[in-house]
Amino acid sequence: MSVATDQLPLRPVARAFFARPTLDVARDLIGCLLVHDLPEGTVVGSIVETEAYTDRDPGSHAFSGMTARNAPMFEEPGNAYVYFTYGMHHCLNAVTEETGRAGAVLLRAVEPIAGLEHLRSRRPGRRDRDLARGPGRLTLAFGIGREHDRADLTTGVLRICTGERLPEAALVRTARIGLAAAQQDGRRWRFAVKGSPWVSSGRSTTARGSRRS
DNA sequence: CAGAAGATCATCT
DNA sequence: GATGATCTTCTGT
C-alpha cells in the first residue's frame, strides 16, 4: 500500500530511545519508520526486521575494540553507522547504548510505505517485495551510502520516526549464534514481524546461525 | 605489504 | 543450493 507522505505523522524518535540496551532498541525499532528526503522526493518504510550487535557478540565489528571503521559504534546513540561490505553493499545501523559503549542495530528490512515510485526507480526490474528486503537492498532502495556514516537519525534528512507499536506477540525473536557465546550473554538477536512478507530471514538460505557451537 | 574474511545479493542449475 | 561479483578493513609479518 502506498501512502501520501504529507499524511504521515513523521515525528523523529528521541535520542534517549537509542541510549538504551541494544536488544531493547532492536525490538522497539520494529514498527518505526525509516524516512529519507531524497532529491526526487521523500521515501518512507516501516521497519520489519532488525538485528542487535552488542559489545559481547564476537560477531560484532566492535568486539575487539575500536577501529577507524567501527568508531561510530562507540559514539552518540541515535547516530547512523554505515559500512561497506562484500565489495558491493552498504549496511545501515542505528547506534545504541550510552556514549562510550559500543552497540548498534542493523536495519535488515523495511516495508515500503511511501515514495514507492522512487524506491522502484532505484531498484529497476525488482518486484516490490524485493525492494528493501535485506540490508543491502534496503540501502540501495533508500539511497543510503557511506556519506551517511555518523548521520544524526534523530534530526536529519535521514531519520527514524515513531510508528506503530507492535505487541510482543506480533514479533519473532531469533538467536543467531551458538551456546558458548550465549552463556556469556553474547547473543545476537534478530527481530522481525511475524509472518510479514517483507522480512528477509526465514527463506531461501536455510536456517544458518544457531548451528555453530 | 600480502592475505583472508566479510552483518550480501543476483543468478544459475 | 551453489557460485561469482567486488573491494574495504583488519591482521600478521
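Chain letters run A, B, ... following the sequence lines, proteins first, then strands; residues in each count from 1.
A cation-pi arrangement is present between Arg173(A) and Trp189(A), with the terminal nitrogen or guanidinium carbon under 6.0 Å from the aromatic centre and inside a 45° cone about the axis. Arg15(A) forms no cation-pi arrangement with Phe17(A), by the criterion of a distance under 6.0 Å to the ring centre and an angle within 45° of the ring axis.
Using a 4.0 Å heavy-atom criterion, one finds that Gly136(A) contacts the sugar-phosphate atoms exclusively.
Between Arg123(A) and the phosphate of dA10(B), there is a side-chain N or O to OP1/OP2 separation shorter than 4.0 Å. Within the structure, every side-chain polar atom (N or O) of His61(A) is placed at least 4.0 Å from both OP1 and OP2 of dT9(C). Put simply, Arg190(A) has no side-chain N or O that comes within less than 4.0 Å of OP1 or OP2 on dA7(B). The side chain of Arg126(A) places an N or O atom within less than 4.0 Å of a non-bridging phosphate oxygen (OP1 or OP2) of dT11(B). Contact between the side-chain N/O atoms of Arg108(A) and the OP1/OP2 oxygens of dT8(B) is found at a separation under 4.0 Å.
Put simply, CG on Asp130(A) is 14 Å from C1' on dT8(B), counting in whole angstrom units. Atom NE2 of His90(A) is separated from atom P of dT9(C) by 11 Å (rounded to the nearest Å). Going from atom CZ of Phe63(A) over to atom C1' of dC10(C) covers 15 Å, rounded to whole Å. Between the CZ atom of Arg129(A) and the P atom of dC9(B) there is a distance of 14 Å, given to the nearest Å. Between the CG atom of Asn70(A) and the P atom of dG6(B) there is a distance of 16 Å, rounded to whole Å. Whole-Å rounding puts the Met88(A) CE to dG6(B) P distance at 18 Å. Arg56(A) places its CZ atom 18 Å from the C1' atom of dA7(B), with the value rounded to the nearest Å. Nucleotide dA10(B) holds its C1' atom 8 Å from the CZ atom of Arg137(A), rounded to whole Å.
In the set dT8(B), dC10(C), dA7(B), the nucleotide with an atom closest to the side chain of Tyr81(A) is dA7(B). The listed nucleotides are dC7(C), dC10(C), dA7(B); the one nearest the side chain of Thr67(A) is dC10(C). With dC9(B), dT9(C), dT11(C) as the choices, the nucleotide that has an atom nearest any side-chain atom of His89(A) turns out to be dC9(B). Closest to the side chain of Phe84(A), from the set dT11(C), dT8(B), dT8(C), is dT8(C).
Side chain Tyr86(A) to base dA5(C): no donor-acceptor pair is found below 3.5 Å.
If you check dT8(C) for Watson-Crick or wobble pairing at under 3.5 angstrom, you find it paired to dA5(B). The pairing partner recorded for dA2(C) is dT11(B), the criterion being a Watson-Crick or G-U wobble arrangement whose two distances lie under 3.5 angstrom.
Classified by interplanar angle (parallel below 30°, tilted 30° to 60°, perpendicular above 60°), the ring pair His90(A)/Phe84(A) is tilted.
Checked for salt-bridge contact, Arg120(A) and Asp128(A) meet the test: a charged N lies under 4.0 Å from a carboxylate O.
The aromatic ring centroids of Tyr83(A) and His61(A) lie less than 6.0 Å from each other.
Residue Leu38(A) is grouped with residue Leu34(A) when hydrophobic side chains (ILVMFWY) are merged at heavy-atom distances under 4.5 angstrom, including chains of intermediate members.
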